[in-house]
Trainee: 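I have a structure here, written as structure tokens, and I will follow up with some questions on it.
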Amino acid sequence: MAGDLWTPVASMVGVAVGGGLTYLTQRTTQRAADRAEERRRAAALAEERRAEHIRTVLEFVRCALEAEGVAHARPPRWEVGDEWYRTARPAMDGLRIAENGVQLLCAPGLHAPATAYARALNQAVWQERDGTDLAERLEPSKAEFLAAARRGLS
């Protein structure tokens, strides 16, 4: 009789051990899949942020080039409302908005160079020229901004 009892008990123990191993295998597999999904999400988020950073920097560069063009076209005398002013005001407003975008969305190391470049452009557009070449006045802040942007993108 004792021999007849051991067969079903051994069978039940086998089923319980098999079920436990199956559960542990599925749980381990699910946890690995969850970790892989989390890594994929983190990588996708990092790539989205990098793309947003690139768009923000490119928009600032586009607005800065527009402001440079306005500065080069600045007449010796101008008045609020004349044709040059109607071109300069939106260009400088766009530059200011793009600068704020850099402040909000880009790495902190890019804030100061963007502000310095925007201020140099602002002075070049609105203030009287002091006889120095416009490109020479803008080049240091422009080069610093571009170098910081390059570092931020790498």
Side-chain angles (χ1 to χ4, degrees), residues 15-154:
V15 168
V17 169
L21 289 174
T22 300
Y23 170 76
L24 289 175
T25 301
Q26 287 178 348
R27 186 164 185 242
T28 302
T29 302
Q30 184 61 45
R31 288 177 68 189
D34 290 345
R35 284 192 301 269
E37 177 65 17
E38 186 59 36
R39 283 192 301 273
R40 187 197 63 75
R41 280 189 203 142
L45 180 61
E47 185 58 33
E48 287 175 21
R49 286 187 177 160
R50 185 173 189 277
E52 183 178 55
H53 183 167
I54 290 170
R55 283 190 304 273
T56 302
V57 168
L58 288 176
E59 178 63 13
F60 181 82
V61 168
R62 185 192 67 72
C63 290
L65 289 175
E66 186 177 346
E68 275 191 50
V70 167
H72 282 289
R74 183 179 186 267
R77 293 197 144 321
W78 59 272
E79 292 180 14
V80 173
D82 68 10
E83 185 178 337
W84 176 84
Y85 179 84
R86 287 192 305 272
T87 303
R89 182 81 263 159
M92 296 310 293
D93 289 345
L95 179 64
R96 187 76 175 141
I97 291 167
E99 177 193 356
N100 287 332
V102 169
Q103 297 279 340
L104 289 172
L105 300 172
C106 294
L110 197 53
H111 298 176
T115 298
Y117 187 30
R119 285 185 180 156
L121 284 165
N122 191 56
Q123 289 176 348
V125 169
W126 300 119
Q127 295 180 358
E128 293 294 324
R129 295 193 178 139
D130 59 3
T132 61
D133 185 45
L134 182 61
E136 288 177 13
R137 286 191 335 196
L138 295 176
E139 191 58 36
S141 56
K142 181 179 184 177
E144 182 183 348
F145 168 76
L146 292 174
R150 202 172 299 112
R151 282 190 306 272
L153 293 174
S154 58

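Note that the coordinates shown come from a computational prediction; the quantities given were computed from them, not determined experimentally.
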Trainee: Could you list the donor-acceptor pairs under 3.5 angstrom formed between side-chain atoms of residues 34-47 and any protein atom two or more places apart in sequence or on another chain?
Mentor:
residue : atom : partner : partner atom : Å
D34     : OD1  : Q30     : NE2          : 2.8
E37     : OE1  : R40     : NE           : 3.3
E37     : OE2  : R40     : NE           : 3.4
E37     : OE2  : R40     : NH2          : 2.6
E37     : OE2  : R41     : NE           : 3.4

Trainee: Please give me the minimum heavy-atom distance between R50 and L153, naming the atom from each residue.
Mentor: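 In this case the closest contact between R50 and L153 is NH2-O, 3.0 Å.
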Trainee: Just verifying a value: how many Å separate Y117 OH and N122 CG, rounded to the nearest 0.5 Å?
Mentor: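 The OH atom of Y117 sits 13.0 Å away from the CG atom of N122.
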Trainee: If you draw a 6.0 Å radius around CZ in R89, do more than 12 non-hydrogen atoms from other residues or ligands fall strictly inside?
Mentor: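 Yes - once you tally the heavy atoms of other residues, nucleotides and ligands closer than 6.0 Å, there are more than 12.
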Trainee: Tell me whether the rings of W78 and W126 are parallel (<30°), tilted (30 to 60°) or perpendicular (>60°).
Mentor: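 Taking W126 first and then W78, their aromatic rings sit tilted (interplane angle of 30° to 60°).
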Trainee: Please give me the minimum heavy-atom distance between G152 and H53, naming the atom from each residue.
Mentor: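 So the minimum-distance heavy-atom pair works out to O-CE1, 3.9 Å.
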Trainee: Would you name the heavy atoms of T87 and P90 that are closest together and state the gap between them?
Mentor: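 Shortest heavy-atom separation between T87 and P90 comes out as O-CD, 3.4 Å.
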Trainee: Tell me, with the steps shown, if E66 and R62 meet salt bridge (Lys or Arg N to Asp or Glu O under 4.0 Å).
Mentor: CA-CA 6 Å; E66 186 177 346; R62 185 192 67 72; 3.3 Å; yes
Trainee: Between R74 and V125, what is the shortest heavy-atom contact and its length?
Mentor: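 That would be NE-O, 2.8 Å.
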Trainee: What closest approach, in Å, do C106 and V57 show between heavy atoms, and which atom pair accounts for it?
Mentor: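 In this case the closest contact between C106 and V57 is SG-CG2, 4.0 Å.
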Trainee: Minimum heavy-atom separation for L95 to C63, with atom names?
Mentor: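 Smallest interatomic distance, heavy atoms only, reads CA-CB, 3.8 Å.
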Trainee: Run the side-chain contact (heavy atoms from CB on, under 4.5 Å) test against E99 and tell me which residues pass, sequence neighbours left out.
Mentor: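 In terms of side-chain contact (heavy atoms from CB on, under 4.5 Å), with neighbours along the sequence ignored, E99 is linked to F60, R96, Q103, T115, A118.
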Trainee: Where the side chain of W84 meets the backbone of E79, is there a donor-acceptor pair that is under 3.5 Å apart?
Mentor: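 Looks like no, no N/O pair under 3.5 Å.
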Trainee: Using a strict threshold of under 4.0 Å (side-chain N to carboxylate O), is an ion pair present between E83 and R86?
Mentor: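 E83 and R86: not salt-bridged.
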Trainee: For L134 and H72: C-alpha separation, side-chain torsions, deciding distance, then whether side chain to side chain contact (heavy atoms under 4.5 Å, CB included) applies.
Mentor: CA-CA 7 Å; L134 182 61; H72 282 289; 3.5 Å; yes
Trainee: Which pairs of donor and acceptor atoms, one on a side chain in residues 137-147, lie under 3.5 Å apart (sequence neighbours left out)?
Mentor:
residue : atom : partner : partner atom : Å
R137    : NH1  : D130    : OD1          : 3.4
S141    : OG   : L138    : O            : 3.1
K142    : NZ   : E68     : OE2          : 3.4

